[in-house]
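Structure first, then comments.
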Protein chains: 2
Amino acid sequence: MNSEFNIAVHCLTLLSLKKDHMANSDEIAKSVCTHPARVRKVLGLLRKQGYVTTKEGVGGGYLLNADSSKVTLGDLYRLLARGSLQPSWCSGGGESACVVSEHIQEVMERIYSGGELALERHYDNITLLDVTRDIQSENQP
Amino acid sequence: MNSEFNIAVHCLTLLSLKKDHMANSDEIAKSVCTHPARVRKVLGLLRKQGYVTTKEGVGGGYLLNADSSKVTLGDLYRLLARGSLQPSWCSGGGESACVVSEHIQEVMERIYSGGELALERHYDNITLLDVTRDIQSENQP
DNA sequence: AAAACTGTTATGCATATAATTACAGATGAG
DNA sequence: CTCATCTGTAATTATATGCATAACAGTTTT
C-alpha cells in the first residue's frame with residue numbers, strides 16, 4: 001500500500017483544525033513531511049470528490065468543503081487505497097495441471113476483496129471528526 | 001503486502017487436497033508458479049508453527065499436520081502478513097510545529113492496527129476447509 | 001557412498017514508491 | 001495589463017521492496 005490514504009487523512013485533519021479551514025500546498029507539505037507536489041496530487045483527487053475546493057493565485061490554497069462528522073475513513077480508503085490489499089503477484093495461473101493452481105486466483109481474489117470489505121466497514125465507523133479529536137487528546141495527555 | 005500469505009494458503013490447500021497430504025517443494029512450486037526456494041521459505045515458517053512436518057532425504061517433502069477445519073485464514077494472516085497494512089512511509093514526524101504533524105503518527109498507527117484487527121476477525125471466520133471447498137466448487141461450475 | 005530432499009543465504013533484476021524538477025494554466029494584487 | 005503566486009500535471013531520478021535464481025551445507029533414505 002502507498003501512503004495516499006494516510007496523506008488524505010492528514011490533510012483533511014489539518015484543514016479541519018485550522019481556524020479558517022484553509023492552507024496551501026507548501027504549508028501542508030511541511031506538516032505532512034513530504035513534497036508539495038505530492039500534496040497537490042492527493043488533494044486534487046479530494047477536490048474532484050468535493051471534499052475540498054481550491055483557490056488558485058495569490059493567497060490561494062485548499063479549503064475544506066465537507067462536514068468532518070460526515071466524512072469517514074471508509075470514504076477515503078475507497079477513494080485512495082481500494083485494491084491495495086491484494087499483492088501484484090499472486091500464486092497459480094501457470095501451466096500446472098493441478099486443481100489448486102487452476103482455480104486459486106479466483107478464490108484468492110474473493111478472499112482479498114472480502115477482507116477489504118471488512119476493512120471498509122470498520123473504517124466506515126470512523127469519521128474525520130473522530131480523528132481530529134484523537135489528535136487533540138494526544139496533545140493533552 | 002508481499003504474497004507469502006497467498007503462498008501459505010495455496011500450499012496448505014494443495015496438501016489438504018492431496019490423497020496422502022504430502023508433496024515436495026518442486027511439485028508445490030510448479031503449482032504455485034514460483035521458485036522452490038520460495039516455497040521452502042514459507043513452508044519453513046509453517047513448520048515452525050506446526051502446520052506441516054518435513055521429511056528430508058529421498059522421497060521427502062512436506063506433510064500436512066493440521067485439521068483443515070481448525071486452521072483459519074486469520075491464523076495465517078497473523079503469521080505471514082501482520083503489519084503489512086501500514087505503509088513503510090507515514091506522514092508527520094518532521095520538525096513542523098503543528099499539532100497534526102506532531103501526533104498524526106500515533107493516531108495513524110492506531111488506525112492501521114485497528115483496521116488490521118477488523119481484517120483478522122473477518123479472516124478468523126474462514127477456515128482452510130472453506131478454501132478447499134471453494135477450489136473444488138470452482139472446478140465444477 | 002550416492003542421490004534426493006530441506007534450510008538458508010547471497011545476488012541480481014523488476015517493480016513500486018517517494019522525491020524532485022519543470023512548466024502550463026489560473027487567479028488576485030497592484 | 002502585468003507580475004507574483006498558487007494549483008495541476010507530467011517527466012525524471014532515487015530508493016526500497018519483492019521475486020527469481022543460484023549455491024551450498026545439512027539430513028535422510030536407498
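Computed from a predicted structure; not experimentally measured.
With values rounded to the nearest 0.5 angstrom, Leu119(B) atom CG is found 12.5 Å from Ser113(B) atom OG. Atoms CG and CG, on Leu73(B) and Asp130(B) in that order, are 8.0 Å from each other to the nearest 0.5 Å. Summarising the geometry, atom OH belonging to Tyr77(B) is positioned 5.5 Å from atom CE belonging to Met1(B); distances are rounded to the nearest 0.5 Å.
Within the 4.5 Å cutoff, side-chain heavy atoms of Glu120(B) are placed close to those of Arg82(B). Proximity of Tyr123(A) to Ile111(B): side-chain heavy atoms (C-beta onward) are separated by under 4.5 Å at one or more points.
Just one residue in the list Asp134(A), Thr13(A), Asn139(A) forms a side-chain hydrogen bond (donor to acceptor under 3.5 Å, both in side chains) with His103(B), and that residue is Asn139(A).
As rounded to whole Å, 13 Å separates atom P of dT28(D) from atom CE of Met22(B). Atom NZ in Lys48(A) sits about 12 Å away from atom C1' in dT7(D), given to the nearest Å. Spacing between atom NZ of Lys55(A) and atom C1' of dT7(D) amounts to 13 Å, rounded to whole angstrom units. The interatomic distance linking His35(A) (NE2) with dG8(D) (P) rounds to 16 Å, in whole Å. In this structure, Asn24(B) places its CG atom 15 Å from P of dT29(D), rounding to the nearest Å. If you take CZ of Arg38(A) and P of dA10(D), they are 16 Å apart, rounded to a whole angstrom. To the nearest angstrom, C1' of dT5(D) lies 13 Å from OH of Tyr62(A). Remark: P of dT7(D) and CD of Glu27(A) are 10 Å apart, rounded to the nearest angstrom.
At least one donor-acceptor pair closer than 3.5 Å links the side chain of Ser3(A) to the backbone N or O of Trp89(B).
Of the two residues near DNA chain C, Ser3(A) and Val58(A), the one whose nearest nucleotide lies more 5' is Ser3(A). DNA chain C is contacted by both Gly57(A) and Arg40(A); Arg40(A) maps to the nucleotide lying nearer its 5′ end (nearest heavy atom per residue).
The outermost nucleotides of DNA chain C lying under 4.0 Å from heavy atoms of chain B, listed 5' to 3', are dA3(C) to dA19(C).
In this structure, the nucleotide among dT7(D), dA20(D), dA22(D) sitting nearest to the side chain of Thr34(B) is dA20(D). Minimum atom distance to the side chain of Ser88(B) is reached by dT17(D), of the listed dA10(D), dT27(D), dT17(D).
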